[in-house]
Amino acid sequence: MNHKTPVLRFAPSPTGYLHIGGARTALFNWLYARHTGGKFRLRIEDTDRQRSTPEAIDAILHGLTWLGLDWDDEPVFQFARAGRHRAVAEEMLAKGHAYRCYATPEELDAMKAQQRAEGKPTRYDGRWRDRDPSDAPAGAPFVVRLKAPQTGETIVRDLVQGDVRFLNENLDDMVLLRSDGNPTYMLAVVVDDFDMGVTHVVRGDDHLNNAARQLQIIKAMGWPEPVYGHVPLIHGPDGAKLSKRHGALAVEAYRDMGYLPEAMRNYLLRLGWSHGDEEIIPTAKAIEWFNLENIGKSAARFDFKKLESINGHYIREMDDAALTTEVVATAKRQMPEIQLSEAVRQKLTAAMPGLKARAKTLLELTDNAQFLFSDGPRAPDEKAAALLAGEARGRLGRLAARLDETPWEAAALEASVRAFAEAEGLKLGDIAQPLRAALTGKTTSPPVFDVLVVLGQAEALSRIRAHAD
RNA sequence: GCCCCCAUCGUCUAGCGGUCCAGGACGUCGCCCUCUCACGGCGAAAACAGGGGUUCGAGUCCCCUUGGGGGCACCA
């Protein structure tokens, strides 16, 4: 192992949004870089010209930014480096570590078909490996293949999975340069990692097999081996592979569902990494504690319930004013026409201590805060309407008269309502619930005396009288 | 088909040969608090996939089976 400052990288291919699995991989890389004082770099693997789009690049960058994962230096765009990749292929050719293969696609198909028919594994048989270059058909297209070792084994020393051994006889001579002169992924990754000085390759374990092949190129070039860490994939709630149907959403979908970036980081970290029994791990602690050794070896399922619980925790921890800003932003996103005045913002902030204990997401919080969004009587929902029927109207009317005389302060209001209940021979709940319904239009809310205070006397009384006789 | 990885409560996990009749968290179910719903507190049910070894002793090491997952392109 070397003693240079670690350089980590996240290398998404811009063929879609940043999904939750990629987000976690990015998080692990970022945490390790921050933990060690190393670098966290980005490389956009845009060599698939058909499927790569600028929109996807944008989505990935925005996703990372929302998650709070900042990167060092400028992102590297892989396609722009094709020339360098070609040069390395040439160098390998010159050193005898690679050779030209003139087999046509049809020929290779036939080869594979026969191997299958014979029940043998389908592998390139090395038909051009030792052929004299003068046999080459003049002017015919060719690919450049790695002259891979045919005996012995390639060992991936993985910090997560341990030593993983591959028999070289099972790895065929892979293509380095396509017949159109463009590099393959295997070549490009190795060259870029080397040029970027990448010391630690942390990525999904769907790349574990690739690591062996990439190692063969690295060895042929005599380059230093990076430290590998292949992280298990995340599965959907049903245990199946993550798909759009369940969980493989763009990270920004989580923002839209009302999750906080800090909560996402905590949840994602805990999904596959542990530090004893610690569950609540704020980012500062995460940076302090993170290591590659404690990454779990098995795939994890995504569990919204736990995410919600952690999100609720961070909401409760969050500053009231900051939360108000989030609520306003959420309300605007949901109801673009809404105008929330400075007065409303102040009420929201004042009510926030009571509100935030009752919400697990920003969506829920915003929904529960709606009774503060505008003045005027509330249209009660079905359950609230039931509480406002019958005797409640008369009681509310008499209560309003009493409240009119009460100092507008929580303790005094509570004393007043309790006295009223006693005078009417009621339990506190018998009047508090209709009161809540009149004030908020709902059957649940923060403590009703706090609601009275936040609303202010005039607004509160007007809402009560709207449902009183 | 071939190669590779994985396997502790429903879920995420702790456990790195004895201190584990297996601990924490989410969820679930009780109880307490209480003006509602939450928050908070207390408590309960709930797991070492199966079979062989190794060892005085195995959740922890080895092998097999089973079950999941990933990879086998001139895609990344």
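Both backbone and side-chain heavy atoms feed into the values below; hydrogens, waters and symmetry mates do not. If you're wondering where the values come from, they're calculated on a predicted model, not measured in any experiment. Each chain gets a letter, A, B and so on, in the order its sequence line appears, and its residues count up from 1.
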Taking only the side-chain heavy atoms of [X] (C-beta and beyond), determine which of [options] contains the nearest atom.
| X | options | answer |
| --- | --- | --- |
| A:Pro105 | B:C74, B:U36, B:U13 | B:C74 |
| A:Ala357 | B:C35, B:C39, B:C2 | B:C39 |
| A:Arg358 | B:C39, B:A25, B:U36 | B:U36 |
| A:Asp277 | B:G24, B:C39, B:C26 | B:G24 |
| A:Lys112 | B:A76, B:A73, B:A38 | B:A73 |
| A:Asp303 | B:A14, B:C26, B:U36 | B:C26 |
| A:His207 | B:C74, B:A76, B:U36 | B:A76 |

Short N-O contact, [X] and [Y], less than 4.0 angstrom:
| X | Y | result |
| --- | --- | --- |
| A:Glu424 | A:Arg398 | yes |
| A:Arg9 | A:Asp192 | no |
| A:Glu459 | A:Arg463 | yes |
| A:Lys297 | A:Asp158 | no |
| A:Asp125 | A:Lys112 | no |

Check every strand shown and say whether [X] touches a base, only sugar-phosphate, or nothing at a heavy-atom separation below 4.0 Å.
| X | value |
| --- | --- |
| A:Thr47 | sugar-phosphate |
| A:Ala384 | nothing |
| A:Arg116 | nothing |
| A:Pro141 | nothing |
| A:Ser309 | sugar-phosphate |
| A:Gly272 | sugar-phosphate |
| A:Val448 | base |
| A:Lys427 | nothing |
| A:Ser274 | sugar-phosphate |
| A:Ser13 | sugar-phosphate |
| A:Asp172 | nothing |

Atom [atom1] of [X] to atom [atom2] of [N]: distance rounded to whole Å?
| X | N | atom1 | atom2 | answer |
| --- | --- | --- | --- | --- |
| A:Ile281 | B:A14 | CD1 | P | 11 Å |
| A:Lys306 | B:C26 | NZ | C1' | 5 Å |
| A:Ile431 | B:U36 | CD1 | P | 14 Å |
| A:Gln216 | B:C3 | CD | P | 17 Å |
| A:Phe304 | B:C12 | CZ | P | 15 Å |
| A:Arg301 | B:G67 | CZ | C1' | 12 Å |

**Message:** Before you tell me yes or no, could you show the steps for A:Phe28 and A:Phe10 under ring-ring contact (aromatic ring centres under 6.0 Å, His included), namely the whole-Å CA-CA distance, both residues' side-chain angles and the distance that decides it to 0.1 Å?
**Reply:** CA-CA 9 Å; A:Phe28 284 4; A:Phe10 177 56; over 10 Å; no
Spacing of the [atom1] atoms in [M] and [N] (rounded, Å):
| N | M | atom1 | value |
| --- | --- | --- | --- |
| B:A47 | B:A38 | P | 28 Å |
| B:C31 | B:G68 | C1' | 40 Å |
| B:C9 | B:G41 | C1' | 23 Å |
| B:U60 | B:A45 | P | 25 Å |
| B:G24 | B:A49 | C1' | 23 Å |
| B:C20 | B:G27 | C1' | 24 Å |
| B:C26 | B:G53 | P | 42 Å |
| B:C16 | B:A73 | C1' | 41 Å |

Name the pairing partner of [N], where a pair is Watson-Crick or G-U wobble with both distances under 3.5 Å, or state none.
| N | value |
| --- | --- |
| B:C37 | none |
| B:C48 | none |
| B:G59 | none |
| B:C2 | B:G71 |
| B:G30 | B:C42 |
| B:A25 | B:U11 |
| B:U54 | none |

**Asked** Taking protein heavy atoms under 4.0 Å as touching, what does nucleotides 4-9 of chain B look like 5' to 3' if B marks base contact, S marks sugar-phosphate-only contact and - marks none?
**Response** SSSS--
**Message:** Before we go on, tell me: are the rings of A:Tyr99 and A:Trp128 under 6.0 Å apart, centre to centre?
**Reply:**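 No, the ring of A:Tyr99 stays outside the 6.0 Å limit from the ring of A:Trp128, centre to centre.
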**Message:** Which is more 5' along RNA chain B, the nucleotide nearest A:Lys356 or the one nearest A:Leu271? Just name the residue.
**Reply:**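 Taking each residue's closest nucleotide, the earlier one in sequence belongs to A:Leu271.
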**Message:** I want to confirm an ordering. Mapping A:Arg436 and A:Thr104 to their closest nucleotides on RNA chain B, which one lands closer to the 5' end?
**Reply:**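 Nearest-nucleotide comparison on RNA chain B picks A:Arg436.
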**Request:** For the pair A:Arg24 (side chain) and A:Leu271 (backbone), establish whether a donor and an acceptor sit closer than 3.5 Å, ignoring hydrogens and angles.
**Result:**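 Side chain of A:Arg24 to backbone of A:Leu271, a donor-acceptor pair under 3.5 Å: yes, one is there.
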**Request:** Would you tell me if any nitrogen or oxygen in the side chain of A:Arg316 comes within less than 4.0 Å of OP1 or OP2 on B:G40?
**Result:**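 Answer is yes, contact under 4.0 Å.
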**Asked** Does A:Arg123 place a side-chain N or O at less than 4.0 Å from the phosphate oxygens OP1/OP2 of B:C2?
**Response**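 No, A:Arg123 has no side-chain N/O under 4.0 Å of OP1/OP2 on B:C2.
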**Asked** Which residues satisfy the side-chain contact (heavy atoms from CB on, under 4.5 Å) test with A:Ala98, sequence neighbours excluded?
**Response**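 A:Ala98 satisfies side-chain contact (heavy atoms from CB on, under 4.5 Å) with A:Met92, A:Leu93, A:Val144, A:Leu176 only.
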**Any A:Val198 side-chain heavy atom under 4.5 Å of A:Arg41 side chain** =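 Answer no - side chains too far apart.
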Contacts under 3.5 angstrom, residues 257-265 of chain A side chains, donor-acceptor by atom type, not counting sequence neighbours:
residue, atom, partner, partner atom, Å
A:Glu262, OE2, A:Thr283, N, 3.2
A:Arg265, NE, A:Leu67, O, 2.8
A:Arg265, NH1, A:Thr283, OG1, 2.5

